[in-house]
There are 2 protein chains.
Amino acid sequence: MATKTIKQTIKIAVDSVIFTVQAGELKVLLIQMKKKPFAGMWAVPGGLIEQQETTEQAARRILKAQTAMSNVYLEQLKTFDHPKRDPLTRTISVAHFALVIGEDVTLKTTDKYTDVRWWSLSHLPTLAYDHKEMIQDAVGRLQAKLEYTNVVWSLLPKDFTLTDLQRIYEIILGISFDKRNFRKKILSLNLIKKSGKQRKGEANRPAELYQFKHRILEYIDVL
Amino acid sequence: MATKTIKQTIKIAVDSVIFTVQAGELKVLLIQMKKKPFAGMWAVPGGLIEQQETTEQAARRILKAQTAMSNVYLEQLKTFDHPKRDPLTRTISVAHFALVIGEDVTLKTTDKYTDVRWWSLSHLPTLAYDHKEMIQDAVGRLQAKLEYTNVVWSLLPKDFTLTDLQRIYEIILGISFDKRNFRKKILSLNLIKKSGKQRKGEANRPAELYQFKHRILEYIDVL
DNA sequence: GCAAAAGTGTTTAACATACACCCATGG
DNA sequence: CCATGGGTGTATGTTAAACACTTTTGC
(Lines give C-alpha, C1' and ligand atoms only; values in the text may rest on other atoms or scores of the structure.)
Protein backbone atom coordinates (compact mmCIF):
# COMPACT_ATOMS: atom_id res chain seq x y z
CA MET A 1 0.00 0.00 0.00
CA ALA A 2 0.90 3.66 0.28
CA THR A 3 2.76 3.61 -3.01
CA LYS A 4 -0.05 4.68 -5.32
CA THR A 5 -0.50 8.32 -4.37
CA ILE A 6 -2.78 9.63 -7.10
CA LYS A 7 -4.24 12.96 -6.08
CA GLN A 8 -7.90 12.82 -5.12
CA THR A 9 -10.34 14.79 -7.24
CA ILE A 10 -13.62 13.86 -5.66
CA LYS A 11 -16.51 16.20 -4.97
CA ILE A 12 -18.67 16.02 -1.88
CA ALA A 13 -22.38 16.54 -2.15
CA VAL A 14 -25.31 16.34 0.21
CA ASP A 15 -28.71 15.02 -0.79
CA SER A 16 -31.82 15.10 1.38
CA VAL A 17 -34.71 12.69 1.16
CA ILE A 18 -37.52 14.83 2.52
CA PHE A 19 -40.69 13.08 3.63
CA THR A 20 -44.09 14.28 4.62
CA VAL A 21 -47.49 12.71 5.09
CA GLN A 22 -50.18 14.45 3.08
CA ALA A 23 -53.66 13.39 2.01
CA GLY A 24 -53.24 9.95 3.48
CA GLU A 25 -50.00 9.20 1.67
CA LEU A 26 -46.30 9.21 2.36
CA LYS A 27 -44.66 11.68 0.01
CA VAL A 28 -41.15 12.64 -0.95
CA LEU A 29 -39.96 15.98 -2.28
CA LEU A 30 -38.32 15.87 -5.69
CA ILE A 31 -36.94 18.46 -8.07
CA GLN A 32 -36.86 18.12 -11.83
CA MET A 33 -33.41 18.54 -13.33
CA LYS A 34 -32.51 20.96 -16.09
CA LYS A 35 -28.96 19.94 -16.93
CA LYS A 36 -27.61 16.95 -18.79
CA PRO A 37 -27.14 14.07 -18.44
CA PHE A 38 -30.27 13.85 -16.28
CA ALA A 39 -32.35 16.64 -17.85
CA GLY A 40 -36.05 15.99 -17.30
CA MET A 41 -35.46 13.38 -14.64
CA TRP A 42 -36.30 13.90 -11.02
CA ALA A 43 -33.94 13.93 -8.07
CA VAL A 44 -33.85 14.48 -4.38
CA PRO A 45 -32.73 18.04 -3.52
CA GLY A 46 -29.00 18.38 -2.99
CA GLY A 47 -25.84 20.24 -3.75
CA LEU A 48 -22.15 20.49 -3.04
CA ILE A 49 -21.01 21.28 0.45
CA GLU A 50 -19.05 24.41 1.16
CA GLN A 51 -15.53 24.37 2.46
CA GLN A 52 -16.35 25.25 6.05
CA GLU A 53 -19.72 23.68 6.73
CA THR A 54 -20.75 20.26 8.01
CA THR A 55 -22.91 18.08 5.83
CA GLU A 56 -25.82 18.70 8.14
CA GLN A 57 -25.43 22.45 7.77
CA ALA A 58 -25.29 21.99 4.02
CA ALA A 59 -28.43 19.86 4.10
CA ARG A 60 -30.30 22.50 6.11
CA ARG A 61 -29.11 25.27 3.81
CA ILE A 62 -30.31 23.37 0.76
CA LEU A 63 -33.54 22.38 2.44
CA LYS A 64 -34.27 26.00 3.28
CA ALA A 65 -33.96 26.78 -0.42
CA GLN A 66 -36.78 24.36 -1.28
CA THR A 67 -39.27 24.51 1.58
CA ALA A 68 -40.20 27.18 4.07
CA MET A 69 -39.57 24.94 7.02
CA SER A 70 -41.24 25.09 10.39
CA ASN A 71 -40.20 21.90 12.08
CA VAL A 72 -37.62 19.81 10.35
CA TYR A 73 -36.20 16.64 11.69
CA LEU A 74 -32.93 15.89 9.93
CA GLU A 75 -30.41 13.13 10.33
CA GLN A 76 -27.60 11.59 8.35
CA LEU A 77 -28.74 8.54 6.42
CA LYS A 78 -25.84 6.97 4.57
CA THR A 79 -23.02 7.91 2.25
CA PHE A 80 -23.36 6.92 -1.39
CA ASP A 81 -20.01 6.47 -2.98
CA HIS A 82 -20.10 4.34 -6.09
CA PRO A 83 -17.37 5.70 -8.41
CA LYS A 84 -19.77 5.82 -11.35
CA ARG A 85 -22.83 7.21 -9.59
CA ASP A 86 -22.25 10.61 -11.19
CA PRO A 87 -21.26 10.15 -14.81
CA LEU A 88 -19.50 13.51 -15.07
CA THR A 89 -17.18 13.80 -12.09
CA ARG A 90 -16.72 11.50 -9.18
CA THR A 91 -19.03 12.72 -6.45
CA ILE A 92 -19.67 11.20 -3.07
CA SER A 93 -23.02 12.06 -1.57
CA VAL A 94 -23.72 12.15 2.13
CA ALA A 95 -27.45 11.45 2.10
CA HIS A 96 -29.71 12.78 4.84
CA PHE A 97 -33.29 12.14 5.60
CA ALA A 98 -35.74 14.77 6.72
CA LEU A 99 -39.28 14.81 8.04
CA VAL A 100 -41.56 17.82 7.74
CA ILE A 101 -45.12 18.50 8.74
CA GLY A 102 -47.36 18.23 5.71
CA GLU A 103 -49.62 21.17 6.39
CA ASP A 104 -47.17 24.00 6.68
CA VAL A 105 -44.78 23.38 3.83
CA THR A 106 -44.76 25.84 0.98
CA LEU A 107 -42.52 25.06 -1.94
CA LYS A 108 -40.22 27.54 -3.60
CA THR A 109 -39.16 27.33 -7.19
CA THR A 110 -35.68 28.33 -8.24
CA ASP A 111 -34.22 28.87 -11.67
CA LYS A 112 -31.93 25.88 -11.21
CA TYR A 113 -34.77 23.40 -11.59
CA THR A 114 -37.68 22.93 -13.93
CA ASP A 115 -40.10 21.96 -11.20
CA VAL A 116 -40.38 21.02 -7.54
CA ARG A 117 -43.12 18.92 -6.09
CA TRP A 118 -44.23 16.18 -3.72
CA TRP A 119 -44.46 12.68 -5.14
CA SER A 120 -46.33 9.81 -3.61
CA LEU A 121 -44.00 6.93 -2.86
CA SER A 122 -46.25 4.54 -4.70
CA HIS A 123 -45.86 6.45 -7.98
CA LEU A 124 -42.34 7.77 -8.31
CA PRO A 125 -41.06 9.20 -11.60
CA THR A 126 -37.75 8.20 -13.19
CA LEU A 127 -34.98 9.19 -10.84
CA ALA A 128 -31.50 10.54 -11.52
CA TYR A 129 -28.24 9.16 -10.07
CA ASP A 130 -28.74 6.45 -7.44
CA HIS A 131 -31.66 8.34 -5.95
CA LYS A 132 -34.08 5.45 -6.23
CA GLU A 133 -31.90 3.38 -3.92
CA MET A 134 -31.44 6.42 -1.69
CA ILE A 135 -35.17 6.85 -1.28
CA GLN A 136 -35.65 3.15 -0.59
CA ASP A 137 -32.99 3.26 2.11
CA ALA A 138 -34.62 6.33 3.61
CA VAL A 139 -38.04 4.69 3.70
CA GLY A 140 -36.54 1.70 5.47
CA ARG A 141 -34.90 3.96 8.02
CA LEU A 142 -38.12 5.88 8.56
CA GLN A 143 -40.11 2.71 9.12
CA ALA A 144 -37.54 1.34 11.55
CA LYS A 145 -37.26 4.62 13.39
CA LEU A 146 -41.01 4.85 13.90
CA GLU A 147 -40.81 1.59 15.81
CA TYR A 148 -38.07 2.40 18.26
CA THR A 149 -38.17 6.19 18.66
CA ASN A 150 -40.71 8.97 19.15
CA VAL A 151 -39.65 10.62 15.87
CA VAL A 152 -43.24 10.70 14.64
CA TRP A 153 -43.60 14.05 16.43
CA SER A 154 -41.80 15.61 13.48
CA LEU A 155 -44.64 14.65 11.14
CA LEU A 156 -47.43 16.05 13.33
CA PRO A 157 -48.46 19.57 14.36
CA LYS A 158 -48.31 20.65 17.99
CA ASP A 159 -51.86 19.47 18.68
CA PHE A 160 -53.08 16.23 17.18
CA THR A 161 -55.60 13.52 17.86
CA LEU A 162 -54.88 9.90 18.60
CA THR A 163 -56.46 9.04 15.28
CA ASP A 164 -54.06 11.41 13.48
CA LEU A 165 -51.18 9.62 15.14
CA GLN A 166 -52.52 6.19 14.29
CA ARG A 167 -53.01 7.21 10.64
CA ILE A 168 -49.35 8.22 10.33
CA TYR A 169 -48.22 4.87 11.63
CA GLU A 170 -50.60 3.03 9.34
CA ILE A 171 -49.59 4.98 6.25
CA ILE A 172 -45.86 4.67 6.78
CA LEU A 173 -45.78 1.07 7.94
CA GLY A 174 -48.50 -0.03 5.55
CA ILE A 175 -50.45 -1.97 8.16
CA SER A 176 -53.53 -1.17 10.18
CA PHE A 177 -53.90 -1.25 13.91
CA ASP A 178 -56.74 -1.95 16.26
CA LYS A 179 -57.86 1.38 17.64
CA ARG A 180 -58.17 0.27 21.25
CA ASN A 181 -54.85 -1.58 21.35
CA PHE A 182 -53.04 1.27 19.63
CA ARG A 183 -54.32 3.81 22.14
CA LYS A 184 -53.53 1.60 25.10
CA LYS A 185 -49.98 1.12 23.86
CA ILE A 186 -49.28 4.75 23.00
CA LEU A 187 -50.71 6.07 26.25
CA SER A 188 -48.70 3.57 28.28
CA LEU A 189 -45.47 4.91 26.76
CA ASN A 190 -45.80 8.27 28.49
CA LEU A 191 -44.84 10.16 25.33
CA ILE A 192 -47.88 12.36 24.92
CA LYS A 193 -50.26 14.33 27.11
CA LYS A 194 -53.72 15.82 26.73
CA SER A 195 -53.67 19.45 25.65
CA GLY A 196 -57.04 20.09 27.27
CA LYS A 197 -58.38 21.25 23.93
CA GLN A 198 -60.68 19.45 21.53
CA ARG A 199 -61.04 19.46 17.78
CA LYS A 200 -64.63 20.61 17.14
CA GLY A 201 -66.53 21.57 14.02
CA GLU A 202 -66.74 18.22 12.36
CA ALA A 203 -69.84 16.12 11.91
CA ASN A 204 -68.93 13.79 14.72
CA ARG A 205 -67.95 13.65 18.34
CA PRO A 206 -65.09 16.11 19.10
CA ALA A 207 -61.66 14.52 19.48
CA GLU A 208 -59.27 15.13 22.34
CA LEU A 209 -56.12 16.95 21.23
CA TYR A 210 -52.80 15.65 22.48
CA GLN A 211 -49.24 17.02 22.48
CA PHE A 212 -45.86 15.34 22.66
CA LYS A 213 -44.18 15.82 26.01
CA HIS A 214 -40.80 16.19 24.31
CA ARG A 215 -40.17 17.12 20.72
CA ILE A 216 -36.68 15.69 20.69
CA LEU A 217 -35.53 12.21 19.76
CA GLU A 218 -36.08 9.56 22.40
CA TYR A 219 -35.53 5.83 22.12
CA ILE A 220 -38.50 3.74 23.17
CA ASP A 221 -40.12 0.51 22.07
CA VAL A 222 -43.12 1.98 20.29
CA LEU A 223 -44.69 -0.97 18.52
CA MET B 1 -27.95 30.60 -3.36
CA ALA B 2 -25.58 29.14 -5.93
CA THR B 3 -23.59 32.36 -5.98
CA LYS B 4 -20.78 31.33 -3.63
CA THR B 5 -18.85 28.88 -5.79
CA ILE B 6 -15.62 28.39 -3.86
CA LYS B 7 -13.77 25.39 -5.17
CA GLN B 8 -13.88 22.40 -2.84
CA THR B 9 -10.60 21.14 -1.46
CA ILE B 10 -11.75 18.37 0.81
CA LYS B 11 -10.12 14.98 1.23
CA ILE B 12 -12.04 11.76 1.68
CA ALA B 13 -10.82 9.15 4.10
CA VAL B 14 -12.09 5.86 5.38
CA ASP B 15 -11.66 4.70 8.96
CA SER B 16 -12.57 1.26 10.28
CA VAL B 17 -13.53 0.47 13.83
CA ILE B 18 -12.53 -3.18 14.03
CA PHE B 19 -13.91 -5.25 16.89
CA THR B 20 -13.17 -8.67 18.20
CA VAL B 21 -13.94 -10.58 21.36
CA GLN B 22 -10.86 -11.98 22.99
CA ALA B 23 -10.15 -13.29 26.48
CA GLY B 24 -13.61 -12.39 27.67
CA GLU B 25 -13.44 -8.78 26.54
CA LEU B 26 -14.61 -6.66 23.64
CA LYS B 27 -11.56 -5.22 21.92
CA VAL B 28 -10.88 -2.67 19.23
CA LEU B 29 -7.87 -2.52 16.93
CA LEU B 30 -5.83 0.68 17.16
CA ILE B 31 -2.64 1.90 15.56
CA GLN B 32 -0.23 4.32 17.15
CA MET B 33 0.51 7.36 15.05
CA LYS B 34 3.94 8.57 14.03
CA LYS B 35 3.21 11.93 12.46
CA LYS B 36 2.26 15.23 14.00
CA PRO B 37 -0.03 16.61 15.22
CA PHE B 38 -1.17 13.30 16.73
CA ALA B 39 2.22 11.59 17.17
CA GLY B 40 2.07 9.02 19.94
CA MET B 41 -1.71 8.99 20.05
CA TRP B 42 -3.77 6.03 18.95
CA ALA B 43 -6.27 5.90 16.12
CA VAL B 44 -8.54 3.55 14.31
CA PRO B 45 -6.94 2.27 11.07
CA GLY B 46 -7.76 4.35 8.03
CA GLY B 47 -6.52 6.15 4.97
CA LEU B 48 -7.54 8.15 1.94
CA ILE B 49 -9.68 6.51 -0.68
CA GLU B 50 -8.42 6.07 -4.19
CA GLN B 51 -10.02 7.72 -7.16
CA GLN B 52 -11.81 4.64 -8.48
CA GLU B 53 -12.75 2.63 -5.42
CA THR B 54 -15.78 2.66 -3.17
CA THR B 55 -15.32 3.43 0.50
CA GLU B 56 -16.02 -0.20 1.29
CA GLN B 57 -13.29 -1.33 -1.06
CA ALA B 58 -10.96 1.18 0.56
CA ALA B 59 -11.89 -0.10 4.00
CA ARG B 60 -11.18 -3.69 2.98
CA ARG B 61 -7.89 -2.71 1.39
CA ILE B 62 -6.78 -0.91 4.54
CA LEU B 63 -8.05 -3.69 6.78
CA LYS B 64 -6.05 -6.23 4.82
CA ALA B 65 -2.96 -4.18 5.55
CA GLN B 66 -3.47 -4.53 9.32
CA THR B 67 -4.94 -7.98 9.91
CA ALA B 68 -4.72 -11.25 8.03
CA MET B 69 -8.46 -11.60 7.78
CA SER B 70 -10.45 -14.81 7.57
CA ASN B 71 -14.03 -13.70 8.03
CA VAL B 72 -14.67 -10.01 8.14
CA TYR B 73 -18.06 -8.46 8.50
CA LEU B 74 -17.91 -4.88 7.30
CA GLU B 75 -20.53 -2.19 7.01
CA GLN B 76 -20.67 1.55 6.68
CA LEU B 77 -21.16 3.23 10.05
CA LYS B 78 -21.46 6.98 9.64
CA THR B 79 -19.68 9.86 7.98
CA PHE B 80 -17.71 12.20 10.20
CA ASP B 81 -17.52 15.62 8.71
CA HIS B 82 -16.73 18.33 11.21
CA PRO B 83 -14.67 20.96 9.36
CA LYS B 84 -12.05 21.00 12.12
CA ARG B 85 -11.79 17.28 12.81
CA ASP B 86 -8.47 17.15 10.99
CA PRO B 87 -6.38 20.18 11.96
CA LEU B 88 -4.23 20.07 8.82
CA THR B 89 -6.58 19.76 5.84
CA ARG B 90 -10.28 19.34 5.77
CA THR B 91 -10.97 15.63 5.64
CA ILE B 92 -14.28 13.86 5.69
CA SER B 93 -14.15 10.32 6.98
CA VAL B 94 -16.59 7.61 6.00
CA ALA B 95 -16.36 5.40 9.07
CA HIS B 96 -17.00 1.68 8.82
CA PHE B 97 -17.30 -0.94 11.44
CA ALA B 98 -15.87 -4.42 11.20
CA LEU B 99 -16.14 -7.62 13.17
CA VAL B 100 -13.47 -10.30 13.10
CA ILE B 101 -13.06 -13.63 14.83
CA GLY B 102 -10.68 -13.25 17.75
CA GLU B 103 -8.73 -16.45 17.34
CA ASP B 104 -7.48 -16.18 13.82
CA VAL B 105 -6.30 -12.60 13.60
CA THR B 106 -2.60 -11.98 13.24
CA LEU B 107 -1.48 -8.38 13.24
CA LYS B 108 0.98 -6.91 10.79
CA THR B 109 3.17 -3.97 11.56
CA THR B 110 3.98 -1.41 8.92
CA ASP B 111 6.52 1.38 8.87
CA LYS B 112 3.74 3.96 8.83
CA TYR B 113 2.84 3.35 12.45
CA THR B 114 4.70 2.93 15.70
CA ASP B 115 2.53 0.10 16.94
CA VAL B 116 -0.64 -1.86 16.26
CA ARG B 117 -2.62 -3.70 18.90
CA TRP B 118 -5.95 -4.66 20.37
CA TRP B 119 -7.27 -2.48 23.18
CA SER B 120 -9.95 -3.43 25.61
CA LEU B 121 -12.87 -1.02 25.38
CA SER B 122 -12.78 -0.45 29.10
CA HIS B 123 -9.22 0.94 28.96
CA LEU B 124 -8.74 2.97 25.81
CA PRO B 125 -5.69 5.18 25.32
CA THR B 126 -5.84 8.80 24.18
CA LEU B 127 -7.34 8.88 20.73
CA ALA B 128 -6.57 11.07 17.73
CA TYR B 129 -9.12 13.03 15.68
CA ASP B 130 -12.74 12.30 16.63
CA HIS B 131 -12.00 8.61 17.00
CA LYS B 132 -13.29 8.40 20.53
CA GLU B 133 -16.75 9.39 19.32
CA MET B 134 -16.35 7.08 16.34
CA ILE B 135 -15.67 4.11 18.58
CA GLN B 136 -18.57 4.97 20.85
CA ASP B 137 -20.91 5.16 17.86
CA ALA B 138 -19.60 1.84 16.62
CA VAL B 139 -20.15 0.17 19.98
CA GLY B 140 -23.72 1.43 20.02
CA ARG B 141 -24.28 0.08 16.54
CA LEU B 142 -22.77 -3.27 17.46
CA GLN B 143 -24.95 -3.59 20.54
CA ALA B 144 -28.07 -2.67 18.61
CA LYS B 145 -27.22 -4.97 15.74
CA LEU B 146 -26.73 -7.94 18.07
CA GLU B 147 -30.33 -7.52 19.13
CA TYR B 148 -32.02 -7.41 15.76
CA THR B 149 -29.72 -9.37 13.44
CA ASN B 150 -27.72 -12.59 13.38
CA VAL B 151 -24.46 -10.65 12.92
CA VAL B 152 -22.87 -12.42 15.87
CA TRP B 153 -21.82 -15.16 13.45
CA SER B 154 -18.99 -12.88 12.38
CA LEU B 155 -17.45 -13.03 15.85
CA LEU B 156 -17.56 -16.82 16.14
CA PRO B 157 -15.71 -19.66 14.39
CA LYS B 158 -17.59 -22.16 12.23
CA ASP B 159 -18.24 -24.48 15.18
CA PHE B 160 -19.13 -23.04 18.54
CA THR B 161 -20.99 -23.98 21.68
CA LEU B 162 -24.11 -22.35 23.04
CA THR B 163 -22.04 -21.12 25.94
CA ASP B 164 -19.57 -19.45 23.54
CA LEU B 165 -22.51 -17.69 21.93
CA GLN B 166 -23.99 -16.62 25.24
CA ARG B 167 -20.61 -15.24 26.38
CA ILE B 168 -20.37 -12.99 23.32
CA TYR B 169 -23.78 -11.54 24.02
CA GLU B 170 -22.97 -11.02 27.67
CA ILE B 171 -19.62 -9.37 26.98
CA ILE B 172 -20.89 -7.00 24.34
CA LEU B 173 -24.17 -6.07 25.97
CA GLY B 174 -22.71 -6.04 29.47
CA ILE B 175 -25.53 -8.07 31.00
CA SER B 176 -25.86 -11.71 31.93
CA PHE B 177 -28.52 -14.12 30.79
CA ASP B 178 -30.11 -17.15 32.30
CA LYS B 179 -28.63 -20.18 30.56
CA ARG B 180 -31.90 -22.03 30.06
CA ASN B 181 -33.83 -19.03 28.79
CA PHE B 182 -31.01 -17.98 26.48
CA ARG B 183 -30.86 -21.43 24.90
CA LYS B 184 -34.59 -21.67 24.52
CA LYS B 185 -34.70 -18.31 22.78
CA ILE B 186 -31.75 -18.88 20.45
CA LEU B 187 -32.90 -22.34 19.42
CA SER B 188 -36.42 -21.08 18.71
CA LEU B 189 -35.02 -18.55 16.22
CA ASN B 190 -33.91 -21.24 13.78
CA LEU B 191 -30.56 -19.55 13.20
CA ILE B 192 -28.23 -22.34 14.19
CA LYS B 193 -28.01 -26.11 13.85
CA LYS B 194 -26.10 -28.89 15.55
CA SER B 195 -22.89 -29.77 13.76
CA GLY B 196 -23.01 -33.31 15.13
CA LYS B 197 -19.57 -32.79 16.65
CA GLN B 198 -18.67 -32.18 20.28
CA ARG B 199 -15.93 -30.24 21.97
CA LYS B 200 -14.05 -32.81 24.04
CA GLY B 201 -10.81 -32.74 25.99
CA GLU B 202 -11.88 -30.47 28.81
CA ALA B 203 -12.41 -31.43 32.39
CA ASN B 204 -16.16 -31.48 32.06
CA ARG B 205 -18.98 -32.88 30.03
CA PRO B 206 -18.38 -32.39 26.29
CA ALA B 207 -20.33 -29.54 24.70
CA GLU B 208 -22.41 -29.82 21.56
CA LEU B 209 -20.97 -27.80 18.68
CA TYR B 210 -23.36 -25.70 16.63
CA GLN B 211 -23.08 -23.84 13.33
CA PHE B 212 -24.97 -20.92 11.87
CA LYS B 213 -27.33 -21.94 9.11
CA HIS B 214 -26.49 -18.79 7.15
CA ARG B 215 -23.41 -16.66 7.55
CA ILE B 216 -25.00 -13.66 5.95
CA LEU B 217 -26.91 -10.78 7.56
CA GLU B 218 -30.49 -11.57 8.52
CA TYR B 219 -32.90 -9.43 10.46
CA ILE B 220 -34.55 -11.17 13.39
CA ASP B 221 -35.64 -10.24 16.89
CA VAL B 222 -32.84 -11.89 18.80
CA LEU B 223 -33.30 -10.69 22.35
C1' DG C 1 -82.72 11.09 13.53
C1' DC C 2 -78.97 9.73 10.91
C1' DA C 3 -74.20 9.53 9.44
C1' DA C 4 -69.48 9.71 11.07
C1' DA C 5 -65.69 9.38 13.81
C1' DA C 6 -64.49 9.24 19.04
C1' DG C 7 -64.03 6.78 22.92
C1' DT C 8 -63.78 2.81 26.01
C1' DG C 9 -62.68 -3.03 28.77
C1' DT C 10 -62.32 -7.71 28.96
C1' DT C 11 -60.85 -12.21 27.67
C1' DT C 12 -57.34 -15.15 25.71
C1' DA C 13 -53.01 -16.40 23.87
C1' DA C 14 -48.12 -15.79 23.46
C1' DC C 15 -43.94 -14.77 25.31
C1' DA C 16 -40.53 -13.53 28.99
C1' DT C 17 -38.84 -14.52 33.49
C1' DA C 18 -37.42 -16.94 37.47
C1' DC C 19 -35.58 -20.84 39.24
C1' DA C 20 -32.35 -25.99 40.63
C1' DC C 21 -30.71 -30.24 39.71
C1' DC C 22 -28.35 -34.13 37.21
C1' DC C 23 -24.69 -35.36 33.58
C1' DA C 24 -20.22 -36.40 31.43
C1' DT C 25 -15.59 -35.73 31.51
C1' DG C 26 -10.43 -35.06 33.09
C1' DG C 27 -7.37 -35.27 36.49
C1' DC D 1 -14.24 -38.98 43.82
C1' DC D 2 -14.24 -34.35 43.07
C1' DA D 3 -14.25 -30.17 40.41
C1' DT D 4 -15.91 -28.13 36.21
C1' DG D 5 -18.93 -26.60 32.91
C1' DG D 6 -22.94 -28.88 30.01
C1' DG D 7 -27.48 -29.74 29.63
C1' DT D 8 -32.51 -29.69 30.71
C1' DG D 9 -38.41 -28.24 32.27
C1' DT D 10 -42.02 -25.97 34.72
C1' DA D 11 -44.68 -22.50 36.94
C1' DT D 12 -45.78 -17.53 37.02
C1' DG D 13 -46.18 -12.95 35.42
C1' DT D 14 -46.38 -9.73 31.74
C1' DT D 15 -47.46 -8.14 27.38
C1' DA D 16 -49.87 -8.56 22.87
C1' DA D 17 -54.04 -9.62 20.32
C1' DA D 18 -58.75 -10.16 19.36
C1' DC D 19 -63.03 -8.24 19.62
C1' DA D 20 -68.24 -4.55 19.67
C1' DC D 21 -70.86 -1.19 21.43
C1' DT D 22 -72.01 3.61 23.20
C1' DT D 23 -71.11 8.73 22.76
C1' DT D 24 -71.13 13.30 20.74
C1' DT D 25 -71.50 16.18 17.22
C1' DG D 26 -73.18 18.53 12.45
C1' DC D 27 -76.47 18.56 9.19
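Here is how names work: the chains are called A, B, and so on, in the same order as the sequence lines, proteins then strands, and each is numbered from 1.
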Next item on the list: Please name all residues satisfying side chain to side chain donor-acceptor pair (under 3.5 Å) with Asp221(B), sequence neighbours left out, ordered by chain then number.
Entry: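 Asp221(B): no side chain to side chain donor-acceptor pair (under 3.5 Å) contacts found.
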Next item on the list: Sugar-phosphate atoms are those with a prime plus P, OP1 and OP2; base atoms are the rest. Using that split, label each nucleotide of nucleotides 11-21 of chain C B, S or - for protein heavy atoms under 4.0 Å, 5' to 3'.
Entry: -----SBBBB-
Tell me every residue that passes salt bridge (Lys or Arg N to Asp or Glu O under 4.0 Å) with [X], counting only those two or more places apart in sequence or in another chain.
X: Glu147(A); answer: none
X: Glu202(A); answer: none
X: Asp159(B); answer: Lys197(B)

Checklist line | Close residues, residues 189-200 of chain A, relative to DNA chain D [heavy-atom separation under 4.0 Å] | finding: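 Here the set is empty: none.
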Indicate yes or no for a side-chain donor-acceptor contact from [X] to the backbone of [Y] under 3.5 Å, with no hydrogens or angles considered.
X: Asp86(A); Y: Thr91(A); answer: no
X: Thr126(A); Y: Met41(A); answer: no
X: His214(A); Y: Ile216(A); answer: no

Next item on the list: Mind grabbing the angle between the end helix axes of the helix from dG1(C)-dC27(D) to dG27(C)-dC1(D)? Five pairs an end, 10° rounding.
Entry: 0°
Next item on the list: Mind calculating the distance between CZ (Arg205(A)) and C1' (dA4(C)) to the nearest angstrom?
Entry: 13 Å
Note to self: Using whole Å, what does the distance between atom C1' of nucleotide dG7(C) and atom CG of Leu187(A) come to?
What the structure shows: 11 Å
Checklist line | Of all pairs that satisfy ring pair (Phe, Tyr, Trp, His ring centres under 6.0 Å), the ones with a partner from residues 108-127 of chain B, not counting sequence neighbours | finding: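 Output for this query lists Trp42(B)-Trp119(B).
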Margin query: Which residues in residues 160-177 of chain A have a heavy atom closer than 4.0 Å to any atom of DNA chain C?
Written below: Thr163(A)
Donor-acceptor pairs are to be reported for all side-chain atoms of residues 92-99 of chain A against protein atoms at under 3.5 Å, with residues two or more places apart or in another chain.
{"unit_1": "Ser93(A)", "atom_1": "OG", "unit_2": "Asp15(A)", "atom_2": "OD2", "d": "2.6"}
{"unit_1": "His96(A)", "atom_1": "ND1", "unit_2": "Val94(A)", "atom_2": "O", "d": "3.2"}

May I have the list of side-chain donor-acceptor pairs in residues 171-184 of chain A shorter than 3.5 Å, sequence neighbours left out?
{"unit_1": "Asp178(A)", "atom_1": "OD2", "unit_2": "Arg180(A)", "atom_2": "N", "d": "3.1"}
{"unit_1": "Asp178(A)", "atom_1": "OD2", "unit_2": "Asn181(A)", "atom_2": "N", "d": "2.9"}
{"unit_1": "Asn181(A)", "atom_1": "OD1", "unit_2": "Lys184(A)", "atom_2": "NZ", "d": "3.3"}
{"unit_1": "Arg183(A)", "atom_1": "NH2", "unit_2": "Thr163(A)", "atom_2": "OG1", "d": "3.3"}

Next item on the list: Check whether the side chains of Glu75(A) and Tyr73(A) place a donor and an acceptor atom closer than 3.5 Å, and report yes or no.
Entry: yes
Next item on the list: Could you verify whether a donor N or O on one side chain and an acceptor N or O on the other, from Ser120(B) and Glu25(B), lie under 3.5 Å apart?
Entry: yes
Next item on the list: Provide the start and end nucleotides, 5' to 3', of the part of DNA chain D that has atoms under 4.0 Å from heavy atoms of chain B.
Entry: dA3(D) to dT10(D)
Next item on the list: Indicate yes or no: does Asp164(A) engage Arg199(A) in a salt bridge with an N to O separation below 4.0 Å.
Entry: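 Between Arg199(A) and Asp164(A) there is a salt bridge, with a charged N closer than 4.0 Å to a carboxylate O.
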Next item on the list: Grab the two heavy atoms, one from Phe212(B) and one from Asn150(B), that are nearest each other, plus how far apart they are.
Entry: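 Heavy atoms of Phe212(B) and Asn150(B) come nearest at CE2-O, 4.3 Å.
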Margin query: Please check if the number of heavy atoms outside Lys213(A) that lie under 6.0 Å from its NZ is greater than 12.
Written below: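 Counting neighbours around NZ of Lys213(A), more than 12 heavy atoms of other residues, nucleotides or ligands fall under 6.0 Å, so yes.
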